[in-house]
Amino acid sequence: CGVPTVLLAGLGDTEAQQTTLYPLVGRVFVHTLDHETFLSLPEHVAVPPAVRITYHAHLQGHPDLPRWLRYTQRSPHHPGFLYGSATPEDRGRQVIEVTAYNRDSFDTTRQRLVLEIGDSEGPLLPYQAEFLVCSHDVEEVLPSAPASRFLSALGGLWEPGELQLLNITSALDRGGRVPLPIEGRKEGVYIKVGSASPFSTCLKMVASPDSHARCAQGQPPLLSCYDTLAPHFRVDWCNVTLVDKSVPEPADEMPTPGDGILEHDPFFCPPTEAPDRDFLVDALVTLLVPLLVALLLTLLLAYVMCCRREGRLKRDLATSDIQMVHHCTIHGNTEELRQMAANREVPRPLSTLPMFNVRTGERLPPRVDSAQVPLILDQH
């Protein structure tokens with residue numbers, strides 16, 4: 001009886017609910033969008049997995065979320081998550097409007113999240129490390145239980161001290177590829193952790209240049225300690241980044257403006273005056289020389305083609321009389337045969353006639369055997 005009740009039950013009232021949250025600058029912020037929060041169900045009635053709800057979140061007055069906040073939801077049957085890490089520029093008050101859509105009853109409801117972003121309390125976390133966890137998706141580490149388990153396992157690789165999550169980012173948002181739909185393949189997630197205690201020798205060795213060189217050659221990295229994160233978290237130790245903010249970076253020196261006049265340099269003495277130069281001669285040489293060369297080549301070609309021809313008289317004188325008579329005889333006979341062929345009035349040879357019998361020489365109509373006539377021609 002519970003399933004029909006849930007399917008008929010709509011979402012909450014159209015009046016937007018309001019919730020106030022307090023994210024901290026430099027700390028990870030995770031807010032879960034549960035189906036129970038938006039469904040109007042009787043008390044002590046659980047939400048069955050058949051209910052499908054999707055969410056759309058945006059900054060009030062804007063079409064999208066602020067740059068530090070992200071939204072993810074694996075499927076309409078799973079809850080949604082708003083997560084991110086605020087920066088000092090985001091300090092203040094931000095209002096996030098969340099709209100829930102019931103894909104079964106097509107009802108909608110809204111919720112307003114008021115984010116009061118403030119500075120974090122407690123000691124500074126100058127030692128920060130970022131790990132790529134290949135065995136999880138981002139929504140699998142956003143709940144508090146997996147995140148606490150990761151920090152507890154990481155404590156065995158770090159110096160004793162309090163570890164805090166600073167940021168969680170999906171590997172797809174960092175340029176990663178969507179994995180193949182094979183069992184066990186995950187998108188991956190980057191987890192950034194901070195602490196007030198220095199890095200351990202093991203972490204320093206993993207992030208050393210020698211370890212990165214081994215990774216570039218396809219060899220395993222330098223991991224001198226026991227991997228306490230395995231087997232629950234499969235970390236890519238070739239993608240470990242360590243950031244040490246304990247030593248402040250020196251401020252950039254501001255340049256001192258000068259008077260705009262260069263100092264005297266005895267090795268550089270530019271000329272103060274440049275003499276005038278006439279480029280007419282250069283232009284004439286550039287244009288006339290190619291034209292003269294082209295004209296000479298044209299005259300030479302014309303002399304070879306027109307003035308060096310031997311002529312027919314020289315050809316006839318250089319040819320023997322017998323060869324000339326032979327040539328003239330062939331030429332005359334050819335012309336005579338062409339004229340005779342043009343004025344032919346004699347009857348055609350018998351061999352060219354269609355009804356000429358080669359053996360008897362008679363002109364008789366062709367004898368056709370009807371038995372050898374094709375069937376189609378006989379019907380016609």
Side-chain angles (χ1 to χ4, degrees), residues 3 6-7 11 28-39 46-58 63-65 67-85 98-106 108 129-151 153-154 165-193 206 212 215-221 223 227-241:
V3 175
V6 170
L7 295 179
L11 294 173
V28 65
F29 166 77
V30 179
H31 178 69
T32 306
L33 303 176
D34 293 321
H35 295 352
E36 295 85 352
T37 307
F38 295 87
L39 282 174
V47 179
V51 177
R52 300 179 302 160
I53 297 180
T54 58
Y55 305 93
H56 175 70
H58 64 91
D64 206 349
L65 291 172
R67 59 182 181 178
W68 68 273
L69 194 61
R70 298 183 182 275
Y71 164 76
T72 184
Q73 184 183 16
R74 178 57 56 179
S75 69
H77 301 285
H78 295 82
F81 294 94
L82 291 173
Y83 67 99
S85 179
V98 181
T99 304
Y101 302 90
N102 191 333
R103 297 302 178 181
D104 297 326
S105 61
F106 303 102
T108 61
E130 189 176 52
F131 304 89
L132 174 58
V133 181
C134 303
S135 58
H136 289 69
D137 294 330
V138 62
E139 64 272 3
E140 295 177 353
V141 298
L142 289 177
S144 58
S148 301
R149 192 182 307 117
F150 180 83
L151 293 179
L154 185 61
L165 286 176
L166 301 183
N167 197 2
I168 297 177
T169 309
S170 173
L172 300 182
D173 298 333
R174 302 279 291 271
R177 295 185 177 181
V178 178
L180 296 175
I182 302 177
E183 185 178 0
R185 297 289 183 90
K186 299 292 184 177
E187 298 173 357
V189 57
Y190 285 90
I191 301 179
K192 191 174 184 179
V193 181
V206 169
H212 291 312
C215 293
Q217 297 176 0
Q219 301 178 4
L223 187 61
D227 187 3
T228 57
L229 295 173
H232 302 288
F233 299 94
R234 183 165 52 88
V235 177
D236 185 3
W237 293 105
C238 291
N239 285 320
V240 176
T241 305

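Numbering of residues begins at 1 and proceeds along the displayed sequence.
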Close side-chain approach of [X] to [Y], heavy-atom, < 4.5 Å:
{"X": "D104", "Y": "R52", "answer": "yes"}
{"X": "I191", "Y": "F233", "answer": "no"}
{"X": "V193", "Y": "L154", "answer": "yes"}
{"X": "L33", "Y": "Y71", "answer": "yes"}
{"X": "V98", "Y": "L82", "answer": "yes"}
{"X": "R234", "Y": "K186", "answer": "no"}
{"X": "T72", "Y": "D137", "answer": "no"}
{"X": "V141", "Y": "Y83", "answer": "no"}

Value rounded to 0.5 Å, distance of [atom1] in [X] from [atom2] in [Y]:
{"X": "C238", "Y": "L223", "atom1": "SG", "atom2": "CG", "value": "10.5 Å"}
{"X": "S144", "Y": "R149", "atom1": "OG", "atom2": "CZ", "value": "10.0 Å"}
{"X": "S75", "Y": "I53", "atom1": "OG", "atom2": "CD1", "value": "12.0 Å"}
{"X": "L229", "Y": "L151", "atom1": "CG", "atom2": "CG", "value": "10.0 Å"}

According to side-chain hydrogen bond (donor to acceptor under 3.5 Å, both in side chains), who are the partners of [X], at least two apart in sequence or on a separate chain?
{"X": "H56", "result": "none"}
{"X": "N167", "result": "none"}
{"X": "D236", "result": "N239"}

Quiz item: Under 3.5 Å, is there a donor-acceptor pair between the Y55 and H35 side chains?
Solution: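 Y55 vs H35: donor-acceptor pair found between side chains.
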Practice problem: Kindly indicate, with the supporting measurements, whether the criterion side chain to side chain contact (heavy atoms under 4.5 Å, CB included) is fulfilled by L142 and I168. | Solution: CA-CA 8 Å; L142 289 177; I168 297 177; 4.0 Å; yes
Exercise. Go through the structure and list residues passing side chain to side chain contact (heavy atoms under 4.5 Å, CB included) with T54, not counting sequence neighbours.
Key: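 By the side chain to side chain contact (heavy atoms under 4.5 Å, CB included) rule, T54 matches Q73, P76, Y101, R103.
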Exercise answer: donor-acceptor pairs, residues 169-180 side-chain atoms, under 3.5 Å, sequence neighbours excluded:
| unit_1 | atom_1 | unit_2 | atom_2 | d |
| --- | --- | --- | --- | --- |
| S170 | OG | L172 | N | 3.3 |
| R174 | NH1 | E130 | OE2 | 3.0 |
| R174 | NH2 | E130 | OE1 | 3.2 |

Quiz item: Under the disulfide bond (SG atoms under 2.5 Å apart) test, which residues partner C134, sequence neighbours left out?
Solution: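 In terms of disulfide bond (SG atoms under 2.5 Å apart), with neighbours along the sequence ignored, C134 is linked to no residue.
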Quiz item: If you look at every heavy atom in P143 and P146, which pair is closest and at what distance?
Solution: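 Answer, listing the atom of P143 first, then P146: O-CD, 3.3 Å.
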